[in-house]
Amino acid sequence: MAEASSANLGSGCEEKRHEGSSPESVPPGTTISRVKLLDTMVDTFLQKLVAAGSYQRFTDCYKRFYQLQPEMTQRIYDKFIAQLQTSIREEISDIKEEGNLEAVLNALDKIVEEGKVRKEPAWRPSGIPEKDLHSVMAPYFLQQRDTLQRHVQKQEAENQQLADAVLAGRREVEELQLQVQARQQAWQALHREQRELVAVLREPE
C-alpha cells in the first residue's frame with residue numbers, strides 16, 4: 001500500500017522525467033534547451049523527494065495514529081505529498097517569473113547555437129570579461145534589490161498599521177479606565193451624600 005502510494009504520487013514526475021531526459025526520446029546530436037533541463041531537474045527532484053518521504057517512513061513517525069486510523073493516515077499522506085509538490089512547483093514558477101529565467105535561458109541557448117556556427121572569435125562589448133559580466137548581472141541584482149525593498153516596505157507598512165492599532169487599543173483602554181474611575185468617584189460621592197442625608201433625617205428635632 002505504501003509503495004503504491006509513493007509510486008502513484010511520483011508517477012507524474014517519472015513520466016515527465018522520461019519524456020524530457022530519456023536518450024531514446026531525443027535524437028542524437030539534438031540539443032535540449034536549458035528551460036527543459038531545468039524542468040527535468042525539478043521533476044527529478046520531486047521524484048526523489050517523494051521516494052525519500054515514503055509512506056512507510058510517514059507511518060513510522062505516526063505509528064499510534066496509523067494503528068488507529070490507517071485509511072485516514074493514507075489520505076493525510078497523499079494530500080501532504082500532493083500539496084508539497086504543488087507548493088514547490090509554484091515557488092519555482094515564481095522564481096522563474098521574477099528572474100525572467102526562461103527568457104534568459106532561451107537567450108543563452110541562442111548565444112550557444114550562434115557560437116557553434118561562428119568562425120571568428122566572439123565579440124565582447126568591452127573586451128573585459130569582468131566588466132561584461134557586471135553589465136549583464138547588475139540589472140538582475142538591481143531588480144532583485146528593488147523586489148526585496150518592496151517586500152520590506154510592505155512589511156514595514158503592515159507593522160506600522162499593527163503598531164497603530166495597538167496604540168489605539170491602549171488609548172481606548174486608558175479612556176475606559178478613566179471613565180470607570182470617574183464613575184467610581186461619583187458613586188462614592190453620592191454614597192457619602194446619602195449617608196449624610198440619612199444622618200440629618202435621623203437627628204431629633
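All values reported here derive from a predicted model rather than from experimental measurement.
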To the nearest 0.5 angstrom, please state how far the [atom1] atom of [X] sits from the [atom2] atom of [Y].
X	Y	atom1	atom2	result
I32	T40	CD1	OG1	6.5 Å
Q181	L176	CD	CG	13.0 Å
I111	N106	CD1	CG	11.0 Å
N159	K154	CG	NZ	12.0 Å
R150	T147	CZ	OG1	4.0 Å
S33	L108	OG	CG	11.0 Å

Grouping ILVMFWY residues whenever side-chain heavy atoms fall under 4.5 Å, the cluster of L167 otherwise contains none
Output the rest of the hydrophobic cluster of V35: all Ile, Leu, Val, Met, Phe, Trp and Tyr residues reachable through side-chain heavy-atom contacts under 4.5 Å, sorted by chain and number.
L38, L105
For L46 and R89, run side-chain contact (heavy atoms from CB on, under 4.5 Å): C-alpha distance rounded to whole Å, both residues' side-chain angles, the deciding distance at 0.1 Å, then the answer.
CA-CA 9 Å; L46 291 176; R89 289 187 183 279; 3.4 Å; yes
Hey, are D109 and K36 close enough for a salt bridge, meaning a charged N less than 4.0 Å from a carboxylate O?
no
Would [X] end up clustered with [Y] when hydrophobic side chains under 4.5 Å apart are linked, directly or stepwise?
X	Y	answer
V50	Y62	yes
V104	V42	no
I81	F65	yes

Which atom of [X] lies closest to which atom of [Y], heavy atoms considered:
X	Y	value
E98	Q143	O-NE2, 3.1 Å
Y66	T73	CA-OG1, 3.4 Å
T59	Q56	OG1-O, 2.8 Å

Between Q85 and I88, does the side-chain contact (heavy atoms from CB on, under 4.5 Å) criterion hold? Intermediate values first, please.
CA-CA 5 Å; Q85 290 177 319; I88 292 174; 5.9 Å; no
Give the ring-plane orientation class for Y55 versus F58, where under 30° counts as parallel, over 60° as perpendicular and anything between as tilted.
parallel
Can any side-chain N or O of S87 pair as donor or acceptor with the backbone N or O of Q83 at less than 3.5 Å?
no
Using only atom types and a distance under 3.5 Å, with no angle test, would you say the side chain of Q144 pairs donor to acceptor with the backbone of G99?
no
Check the pair R75, M72 against side-chain contact (heavy atoms from CB on, under 4.5 Å), reporting the backbone distance first and the verdict last.
CA-CA 5 Å; R75 289 196 295 270; M72 179 65 71; 3.3 Å; yes
List the steps, then state whether side chain to side chain donor-acceptor pair (under 3.5 Å) holds for D43 with Q47.
CA-CA 6 Å; D43 292 337; Q47 179 191 5; over 6 Å; no
Going by side chain to side chain contact (heavy atoms under 4.5 Å, CB included), name the residues that satisfy it together with R183, two or more places apart in sequence or in a different chain.
none
Check whether more than 12 heavy atoms from other residues, nucleotides or ligands sit under 6.0 Å from atom CZ of F80, and answer yes or no.
no
I would like to know whether Q160 and D164 meet side chain to side chain donor-acceptor pair (under 3.5 Å); could you show each step before the answer?
CA-CA 6 Å; Q160 186 61 45; D164 293 341; 2.9 Å; yes
With side-chain contact (heavy atoms from CB on, under 4.5 Å) as the criterion, how do R170 and V173 come out once you've worked through the C-alpha distance, each side chain's angles and the decisive distance to 0.1 Å?
CA-CA 5 Å; R170 289 179 179 176; V173 171; 5.6 Å; no
Are V152 and E156 packed together at the side-chain level, in the sense that at least one heavy-atom pair is separated by less than 4.5 angstrom?
yes
